[in-house]
Asker: 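Starting off with a structure, shown below.
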Amino acid sequence: MATPMVRAEAVHKSFGRLEVLRGITVDVAPREVMCLIGPSGSGKSTFLRCINHLEKIDAGRLYVDGELVGYQQRGDKLYELHDREVCRKRSEIGMVFQRFNLFPHMTALANVIEAPLRVKGESAAVAMERGRKLLDRVGLADKLDVYPNQLSGGQQQRVAIARALAMQPKLMLFDEPTSALDPELVGEVLDVMRGLAEEGMTMVVVTHEMSFAREAGDTLLFMDAGVIVEAGTPRDLLANPQHERTKSFLAHVL
Amino acid sequence: MDPPGELTPGLTPSGPANLAVRPEAIKAIGVRHPWRWVTAVILLALVAGFINQLAAAPALHWDVVVYWLTQPSILSGLVVTLELTAIAMAVGVALGALLAVMRLSANPVVSTVSWFYIWFFRGTPVLVQLVFWYHLQLILPTLSFGIPFTPLIWHGDTLTIISPFLAAILGLGLNEAAYMAEIVRAGIISVEHGQTEAAQALGMRRLLVMRRVILPQAMRVIIPPTGNETISMLKTSSLASITTVQELFEKQTLIAAYNFRIIELLIVASVWYIVCTSVLTFGQYYLERYFARGSSRQLPLTPLQRFRRMLFQFHAPPPEPLPEASTDTTRINRPHG
């Protein structure tokens, strides 16, 4: 098999005395869409944030595209990566947040072209051109010059997706992208995500949308208390959960 | 999104949702407030009485006030006051921003130094600091500047280096920096952490995050108290007269010392102070408006716009429905928690 896009080996993470991740081992293949489900506090979001080094892991190994996340191995010693390197690697991974986190003082287009301009050093013409195309693609061609607070939640989240895509990432992380949305706005965001999945984007998605997991997901992981309880294809896992904990969780959400 | 709903033919519109026919606007007789009138009359009478006393005070020579208001010596004092205010605020804002970033630094030595600076300069009166800088030559007759480990060193006479003007700038500016540091820090920590994370996730480095994402948003919190500080500085600069710097207050004191028109000259100075603070208040308003973009859906009206509206819409027509950006924007998400 080709180099996995994400490889986690016994990843551990604690906040103080609270162990949030207790040995996560999983591979995400290129072009794979992996969905993570589980009760709140199970460590799904934390694991996602470890992948782009927003959180440091305490033990285990985490690789993105064959390279260690946040460290460099020389001989048998690990060296922490310089801030510059961490940022360069983050720029290749897109992330979409539950609360959108758009920059409120910038218009939609300015949000999208900010990182290409200032992180990648693209020319304004190139960045604007791609920014316009991306906003068009998420259905917001008429909102280029609108500030985030004049957009609905669903529109804001679509701008946030366009902003992440503008960096032309090789991997997209979604942290409960529809959880802060009114129910009728969830669909428009999921549609964009489905489109991305069909185009072959590698995606790790923390979600409560079982229908999305079933239709667009290649793999489904159920996490609880910092471990992966069960993994499989969405169809199997949702229809035929093996573990007691999975059964009771699914009974509550489905 | 669906187009605006059309009624199916044959279906009778009913219930509260039906707004097809707008009912007549409510015309009711307002509640009477007699006590408002009574208090207003009493207050106006008191104010009028006070003004009358002042105006008729036999020893108060308004012609003297008018005369000195535009004399070159007073005006030159005014210019020095404005210079002091501008330079001391510039020093305060620049050093304050630096101290704020230092206090938030991960380096414990750096943040502690900043803490002690703020502690010391906020803990001693600005008047004491002004006198200290003015009299620095008592303890340090010469000042030396040099680059460590090199023979490059330069000595100077403290009295000539620390001019009254520089002593005033040091006293006012360094003191102001301590206050500005706290204002800037409050602005920085008021920006939601999610903003930093989103910027970091895009690969932005620390300084870039600060410059492009955090500070522009912090400005909204920083500007109003900074305006207050500037207005306050304009008046506090009168304390600099202790260093014999020829600013407005010192000028009027000198003039009053030989013509004995003490109250008249105080009024002259006060008029200029109040004119300047009024201009600053006005400027602050527009600055706040500029930095509010993207945070409120509709910018507040400027005083001029409000005045115009007051004139022409005295008998306000029923409010028009709020314009929608488009049919797709009918829902506004809740404010971020």
Side-chain angles (χ1 to χ4, degrees), chain A residues 49 52-55 82-84 86-107 110-112 114-120 139-140 142-143 146-157 160 163-164 166-167 169 173 175 180-182 184-185 188, chain B residues 1-2 105-107 187-188 190-223 287-299 322-337:
Chain A
R49 295 156 56 83
N52 65 356
H53 207 50
L54 282 179
E55 304 285 355
H82 191 275
D83 186 46
R84 188 188 322 118
V86 173
C87 287
R88 193 185 58 74
K89 289 192 175 179
R90 274 194 196 128
S91 71
E92 300 170 348
I93 304 172
M95 185 156 189
V96 175
F97 297 86
Q98 182 178 353
R99 309 236 54 145
F100 331 135
N101 296 349
L102 289 179
F103 305 134
H105 57 301
M106 297 182 191
T107 62
N111 263 281
V112 174
E114 177 68 13
L117 281 181
R118 301 192 187 262
V119 177
K120 272 193 170 174
L140 296 171
D142 56 335
K143 302 287 182 198
V146 170
Y147 285 98
N149 69 349
Q150 292 166 298
L151 296 172
S152 72
Q155 291 171 330
Q156 288 191 55
Q157 193 61 297
R163 177 174 72 173
M167 291 297 279
L173 308 174
D175 189 1
L181 298 178
D182 287 346
E184 59 187 305
L185 302 181
E188 59 190 75
Chain B
M1 293 277 139
D2 294 330
S105 161
N107 184 333
I188 290 173
S190 77
V191 179
E192 223 192 331
H193 186 61
Q195 292 288 311
T196 309
E197 282 193 342
Q200 282 177 336
L202 287 165
M204 291 169 81
R205 298 191 53 192
R206 276 234 211 97
L207 272 179
L208 192 61
V209 176
M210 186 54 85
R211 188 165 62 83
R212 294 289 305 171
V213 177
I214 307 296
L215 281 182
Q217 294 184 61
M219 286 310 262
R220 218 164 54 77
V221 175
I222 294 173
I223 291 287
L287 213 56
E288 277 174 34
R289 225 174 103 86
Y290 173 77
F291 279 103
R293 73 198 194 288
S295 67
S296 55
R297 303 197 75 219
Q298 232 168 357
L299 287 175
L322 277 176
E324 294 290 351
S326 86
T327 49
D328 205 6
T329 325
T330 46
R331 308 193 58 85
I332 311 306
N333 70 304
R334 295 175 292 270
H336 292 198

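The chains referred to below are lettered A, B, ... by the order of the sequence lines, with proteins before strands, and numbering in each begins at 1.
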Asker: If you take all heavy atoms of B/A201 and A/N52, which pair is closest and at what distance?
Answerer: CB-ND2, 3.9 Å

Asker: Non-hydrogen atoms of chain B under 4.5 Å away: do they reach the side chain of A/L54, the backbone, both or neither?
Answerer: side chain

Asker: Run the side-chain hydrogen bond (donor to acceptor under 3.5 Å, both in side chains) test against A/D175 and tell me which residues pass, sequence neighbours left out.
Answerer: A/S45

Asker: With a 3.5 Å cut-off and sequence neighbours excluded, list the donor-acceptor pairs that the side chains of residues 204-214 of chain B form with protein atoms.
Answerer:
{"from": "B/R212", "atom 1": "NE", "to": "A/E114", "atom 2": "OE2", "distance (Å)": "2.7"}
{"from": "B/R212", "atom 1": "NH2", "to": "A/E114", "atom 2": "OE1", "distance (Å)": "2.9"}

Asker: Minimum heavy-atom separation for B/A198 and A/F97, please, with both atom names.
Answerer: CA-CE1, 3.6 Å

Asker: Please assess B/E197 against A/R49 for the test salt bridge (charged side-chain N to carboxylate O under 4.0 Å, His left out), listing each intermediate value before the final yes or no.
Answerer: CA-CA 10 Å; B/E197 282 193 342; A/R49 295 156 56 83; 2.5 Å; yes

Asker: By a 4.5 Å heavy-atom criterion (distance strictly below it), what part of A/R88 contacts chain B: side chain, backbone, both, or neither?
Answerer: neither

Asker: So A/P104 and B/Q195, do their side chains get closer than 4.5 Å, heavy atoms only?
Answerer: yes

Asker: Can you tell me how far apart CG (B/L215) and NE2 (A/H105) are? Round to the nearest 0.5 Å.
Answerer: 9.5 Å

